Amino acid sequence: MELKDTLNLPDTKFPMRGNLVKREPSRLEHWRKMGLYEKIQEQNAQGPSFVLHDGPPFTNGDVHIGTALNKILKDSILRYKSMQGFRAPYVPGWDCHGLPIEFKVTKELREKGEDLSPAQLREACADFSASFIEKQRGQFQRLGVLADWAEEYKTMKPTYEATILRTFASFVEQGLVYRSKKPVYWSIPCETALAEAEVEYHDHISPSIWVRFEIPGHQFLHIDGPLYIVIWTTTPWTLPANLAVAVHPDLEYVEVKHNGATYIVVDQLAENFIQSCELEGATLGEKHLGRKLESLQPKHPFIDRNSPVVLADYVTTESGTGCVHTAPGHGLEDYLTGLKYGLEIYCPLDDNGCYVDDGQVPAELVGVTVLETKGKCPANSAVLSILTEKGALMAVKKHEHSYPHCWRSKTPVVFRAMDQWFVSLDAHHMREKVLEQIEQVKWTPEAGIKRIRGAVETRPDWCISRQRSWGVPIPVFYDDDKNPLIDADVIKALADKVAENGTNIWFEQSAAELLDGIELPAEFAGKTLTKGGDTLDVWIDSGCSHRAVLQQNEKLSWPADLYLEGSDQHRGWFQSSIWTGVIADGAAPYKNVVTHGFIVDEKGEKISKSKGAMSSDGWVKKFGADIMRLWVASQDYRGDIRLSENHFKLVSNVYRGVRNTLMYQLGNLAGFDYETDAVKPADLTPIDQWALMQTAGFVERVTTAMDNYEFHRAYQEIDRFVGVTLSRVYHAILKDRLYTFAPEWTERASSQTAIYLIFRALVRVIAPVLTFTADEAWSFHVSGEELADDSIHLQPWPKASDFPFDAQVAADIDAVINFREEQVNLPLEKLREEKVIGANLEAKVSITATEEDPLLKLLKKYEADLPELFIVSQVSLATKTDGEVELTAAHADGERCPRSWRWVSELVPAGDFGSVSPRDRDALKALNLI
RNA sequence: GGGCGAUUAGCUCAGUUGGUUAGAGCAUCGUGUUGAUAACGCGAGGGUCACUGGUUCGAGUCCAGUAUCGCCCA
């Protein structure tokens with residue numbers, strides 16, 4: 001037998017390498033088989049409840065890395081809450097309806113040459129959505145997300161749809177729903193009005209044109225020759241709908257004279273105007289305040305009507321001429337000005353974006369489309385040629401600016417007035433009520449309250465109608481005179497039918513069939529009715545989730561304790577939810593809202609879609625779920641979250657440290673039975689008490705971090721605890737005693753007792769984040785096998801008070817260790833450089849100080865422990881009469897023990913093993929080996 | 001263009017009510033060990049705290065502006 005074989009070296013089957021990609025799936029299967037989620041719920045059935053309400057991801061693709069981040073954060077929080085004894089059910093959801101799916105499905109069907117009825121199209125959309133629910137569910141599960149998948153909610157489920165309709169009925173009942181002609185964003189390829197959320201801004205090159213409107217007669221005094229007011233626009237195609245020219249009441253406008261003609265533009269932009277239109281030799285004349293121009297009646301440049309000068313505050317001097325082309329049917333500001341001046345909300349475009357023949361539009365424009373394809377806009381070209389022909393066009397330039405685009409077709413959208421359904425947000429002081437409720441919610445980060453407040457304060461009435469099929473129909477009927485029947489009782493009755501059969505019935509049945517058995521208001525009774533073709537804005541769908549899920553699933557409760565989504569949802573889901581909550585239930589549906597930022601690349605810039613780094617699965621397949629989860633925890637998610645391969649490698653390093661530490665602990669607990677082998681708290685050696693004190697502090701700090709959902713702080717704490725407290729200090733010191741002491745010796749049992757307690761705390765603390773690894777380590781701990789019946793996720797969260805130690809002893813050792821870190825290592829390193837020693841055990845340390853020195857007193861108190869704490873072979877303390885503490889290091893004296901590698905004054909015989917130190921001889925004796 | 005936020009070593013984070021030479025961990029480099037070994041130890045280098053100006057005896061910390069980045073809006 002070799003000496004090495006007489007040592008108690010670490011022994012565990014817990015593998016050093018994680019091999020997560022390969023190993024994690026079998027643990028998932030194990031969890032599924034044992035019903036881990038259900039077990040956790042059962043265990044906490046009587047605990048206080050904590051309801052996190054899941055924001056439903058849209059079901060039109062693979063799980064995006066941002067969605068993965070979101071779900072991981074939720075899962076980590078819920079696992080933490082569960083370990084703390086909360087009944088924390090998790091019902092995930094899916095957002096199914098909406099334009100992106102309908103668009104994609106329509107496109108695919110068109111390519112196949114199939115033309116489906118709305119009902120058939122909806123079926124295809126439902127299949128599409130269902131297929132991605134399957135896919136995404138699998139991807140979420142792969143991340144380790146634990147949930148009540150059997151109860152998951154879907155916005156396309158009949159009962160959910162019925163809730164949407166009932167919520168809408170509540171809106172109608174309160175008189176908030178109205179119909180109005182209003183300019184809305186219109187996507188020509190999609191033939192639909194778009195919500196703000198469906199519009200994205202991209203840089204766009206538009207023609208910018210200067211157009212002169214003649215002011216005939218003697219409207220303006222002291223002007224000889226022709227007089228013009230000059231407008232500037234980047235949307236020439238809206239000129240046929242021009243009904244006015246807006247100027248700012250308080251700005252000065254100046255007469256620009258050139259070649260006998262006079263042009264009126266705002267003073268600040270006169271130079272710009274002269275240069276842009278190349279009016280060489282132009283001179284400036286009199287100035288006039290904008291409000292004085294209000295009475296002017298310029299002529300439309302190519303249609304026989306006047307375009308009066310109106311006043312508007314939003315006119316700026318940033319670009320153009322300060323005289324704003326106004327088309328009430330094509331812009332929101334123009335619309336408001338139009339209302340103020342009693343102008344028609346005029347919009348001569350059909351659904352396809354082509355000019356209609358209404359007797360006013362010039363014949364050469366009729367049928368021309370305003371849709372821009374490949375940078376060319378036929379309507380713009382046609383309008384420009386008319387303007388040129390009429391001599392009204394003064395200049396054309398290219399203008400790059402940010403312009404709204406359809407989020408799906410990516411084409412520029414147009415503003416177009418048409419009939420839509422709206423929800424009034426100001427009636428019954430609804431907006432004020434929502435703002436009041438916002439104050440009752442705790443927003444994290446705190447700045448979130450400003451964002452949602454701003455969004456609620458400034459949003460216009462909610463346009464809720466969409467001209468689509470894949471959604472919940474707006475339950476409105478029309479009589480022959482186009483009078484709408486929109487009645488809360490009728491809608492509620494319809495909702496009952498929908499709860500049974502889904503909204504498909506709206507598309508499959510006639511109005512008469514739909515209304516069969518439903519009592520109509522007197523004015524519609526007996527009339528022939530037709531059903532409306534619009535669907536509801538999908539934000540209503542998801543905005544009703546708290547009503548459809550929290551109020552209807554008996555395991556959940558309303559309002560939610562927590563909503564946790566990306567910061568973009570201040571304007572999206574958080575807002576739609578609080579509106580439906582306040583309108584239908586009188587309060588906000590959540591108590592706390594936490595937001596996370598967006599994922600950016602390593603430079604901190606928006607991640608580009610082409611990189612292919614967007615898929616959650618790609619990262620999981622390369623690094624494993626625990627690394628992804630650790631990556632999520634590693635950063636402060638309240639700001640931007642950086643994503644890069646490099647980053648994952650760094651996180652992997654930290655992971656390896658944690659894993660190795662667990663392996664060390666498991667290895668050194670081999671053969672240790674806490675019930676029979678643990679020492680009493682009073683018998684714990686000083687270093688073990690120190691380690692337990694450190695653990696208590698660690699647990700306390702991590703708990704605080706977790707309570708604040710500050711995973712990055714927990715991550716830093718874990719990294720530090722594992723890397724410094726345990727690995728560098730505690731575990732390093734322990735090696736000698738764990739390896740060479742006889743198993744029954746108190747010191748060794750003391751350390752194993754401490755390691756046992758620390759391991760069980762550490763593995764719990766990492767469990768919410770490193771779910772797989774913690775459970776793996778736990779399995780080996782409780783069963784010695786990779787998979788066990790028990791799970792770390794059924795264990796309670798540790799408390800600082802779980803760890804016994806004497807505060808004075810622990811503090812003393814802390815001081816000794818600080819002394820080692822600051823003073824002892826340096827001279828040892830110097831010896832190493834000088835090649836006097838290699839390992840620290842080859843060294844001895846001598847410390848000299850005055851008798852009164854507190855440090856010396858402290859060291860004396862623990863003199864016997866010092867070699868172990870300093871990890872050297874010998875430490876000698878000596879006194880002197882005055883001066884600072886002196887520390888010298890040299891090669892150790894005596895001989896090297898071949899068993900413990902420590903240098904001792906003399907070796908003693910140990911049978912067949914030759915000579916060893918007296919302590920090692922005793923150990924061998926205790927082991928009955930000699 | 002507007003609103004909100006961020007900006008501390010290569011990376012991820014700490015920096016308490018403004019107060020001595022700005023701290024960790026990881027990474028890097030050097031080195032030791034070979035009984036945690038695709039591991040572990042020790043040491044070193046690395047920051048004009050985004051920039052500019054202000055308040056103050058004193059500012060990473062307070063104020064203003066600028067820049068860059070992100071989200072939202074136009």
Side-chain angles (χ1 to χ4, degrees), chain A residues 2-12 14 16-17 196-197 199 201 314 316 318-319 332-333 401-404 445-455 457-459 566-572 575 595-607 631 633-636 638-642 644 646-647 649-657 659-668 710 712-713 715-724 727-729 731-732 734-736 738-740 821 824-826 828-833 835 837-842 871 899-901:
Chain A
E2 301 283 322
L3 263 182
K4 183 175 171 180
D5 301 325
T6 70
L7 299 170
N8 282 303
L9 295 181
D11 179 23
T12 176
F14 182 76
M16 167 168 270
R17 301 184 70 195
E196 299 114 284
V199 167
Y201 286 78
Y314 53 80
T316 68
E318 274 160 24
S319 57
L332 197 60
E333 289 174 329
H401 59 155
S402 181
Y403 190 84
E446 282 174 27
I449 195 170
K450 289 187 191 169
R451 292 189 62 168
I452 185 144
R453 207 191 274 142
E457 278 167 354
T458 59
R459 81 166 292 165
S567 62
D568 57 334
Q569 298 303 332
H570 285 112
R571 189 164 281 265
Q575 209 197 150
T595 55
H596 56 78
F598 277 69
I599 294 177
V600 295
D601 65 17
E602 47 199 326
K603 288 180 198 143
E605 288 174 23
K606 197 174 178 161
I607 208 155
W631 163 75
S634 74
Q635 299 186 61
D636 184 351
R638 293 168 295 199
D640 298 332
I641 300 121
R642 299 203 185 208
S644 72
N646 227 13
H647 224 120
K649 284 181 180 156
L650 288 176
V651 169
S652 300
N653 262 318
V654 173
Y655 174 82
R656 257 184 257 133
R659 190 174 179 91
N660 199 261
T661 297
L662 294 174
M663 188 179 83
Y664 176 91
Q665 295 187 322
L666 283 167
N668 284 298
E710 293 177 319
H712 66 285
R713 281 184 184 263
Y715 169 87
Q716 300 273 338
E717 288 294 343
I718 290 167
D719 187 24
R720 216 181 133 89
F721 183 68
V722 165
V724 180
S727 198
R728 185 205 289 177
V729 181
H731 289 171
L734 249 41
K735 276 159 72 171
D736 179 51
L738 288 168
Y739 297 175
T740 70
E821 298 281 293
V824 182
N825 285 332
L826 283 165
L828 290 176
E829 179 63 12
K830 216 173 164 211
L831 286 183
R832 214 182 333 272
E833 269 171 33
K835 304 285 177 197
I837 61 164
N840 276 14
L841 281 178
E842 290 169 45
I871 319 181
R899 184 166 184 273
S900 65
W901 297 348

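Remember, it's a predicted structure, so these values are computed and weren't measured experimentally. So that the names make sense, note that chain A is the first sequence line, chain B the second, and so on, each numbered from 1.
- Look at OH on A/Tyr715: it is 8 Å from C1' on B/G25, rounded to the nearest Å.
- The listed nucleotides are B/A38, B/G35, B/U33; the one nearest the side chain of A/Lys4 is B/G35.
- B/G35 has A/Trp901 stacked on its base ring, the centres lying under 5.5 angstrom apart and the planes within 30 degrees of parallel.
- Picking from B/A36, B/G30, B/G25 the nucleotide with the shortest atom distance to the side chain of A/Arg728 gives B/G25.
- Look at A/Asn668 and you won't find any side-chain N or O under 4.0 angstrom from OP1 or OP2 of B/A36.
- Between A/Tyr739 and the phosphate of B/A36, there is a side-chain N or O to OP1/OP2 separation shorter than 4.0 Å.
- Closest to the A/Asp636 side chain, of the nucleotides B/C71, B/A14, B/C40, is B/A14.
- When the nucleotides B/G35, B/A36, B/A44 are ranked by their closest atom to the side chain of A/Leu7, B/G35 comes out on top.
- In this structure, A/Arg832 pairs ionically with A/Glu829, as a charged nitrogen and a carboxylate oxygen lie closer than 4.0 Å.
- Here B/C69 sits opposite B/G5 as a Watson-Crick or G-U wobble pair (both hydrogen-bonding atom distances under 3.5 Å).
- Residue A/Arg713 places at least one side-chain N or O closer than 4.0 Å to OP1 or OP2 of B/G15.
- Of the side-chain N and O atoms in A/His712, one or more sit less than 4.0 angstrom from OP1 or OP2 of B/A14.
- For A/Leu828 and B/C42, the CG to P distance is 11 Å, given to the nearest whole Å.
- Residue-to-nucleotide contacts include no donor-acceptor pair under 3.5 Å from the side chain of A/Glu829 to the base of B/U31.
- Set against B/G5, B/C73, B/A24, the side chain of A/Gln716 has B/A24 as its closest nucleotide.
- Among the nucleotides B/G43, B/A36, B/C11, the one closest to the side chain of A/Leu650 is B/C11.
- Contact of A/Arg17 with B/A38 (side chain to base): a donor-acceptor pair of N or O atoms is detected under 3.5 Å.
- Here, B/U48 and B/G41 have their C1' atoms 35 Å apart, quoted to the whole Å.
- Side-chain N/O atoms of A/Ser644 include none lying less than 4.0 angstrom from OP1 or OP2 on B/C11.
- Residue A/Asn825 has its side chain nearest to B/G43 when only B/A24, B/G43, B/G32 are considered.
- Minimum atom distance to the side chain of A/Phe598 is reached by B/C71, of the listed B/G43, B/C71, B/C13.
- Of the nucleotides present, B/G54 is the one that pairs with B/C62 by Watson-Crick or G-U wobble criteria, both distances under 3.5 Å.
- Spacing between B/G47 and B/G10 at atom P, rounded to whole Å, works out to 7 Å.
- Cation-pi geometry between A/Arg659 and A/Phe14 is met: the NZ or CZ atom falls under 6.0 Å from the ring centre, inside 45° of the normal.
- Close to B/C11, at under 4.0 Å from its OP1 or OP2, lies no side-chain N or O of A/Arg642.
- The nucleotide whose nearest atom lies closest to any side-chain atom of A/Arg832 is, among B/A36, B/C72, B/G32, B/G32.
- As the counterpart of B/C26, B/G10 is assigned, both hydrogen-bonding distances of the Watson-Crick or G-U wobble pattern falling under 3.5 Å.
- Taking the side chain of A/Arg720 as heavy atoms from C-beta on, and the options B/G35, B/A24, B/C71, the nearest nucleotide is B/A24.
- Rounded to a whole Å, the NZ atom of A/Lys735 is 4 Å from the P atom of B/A36.
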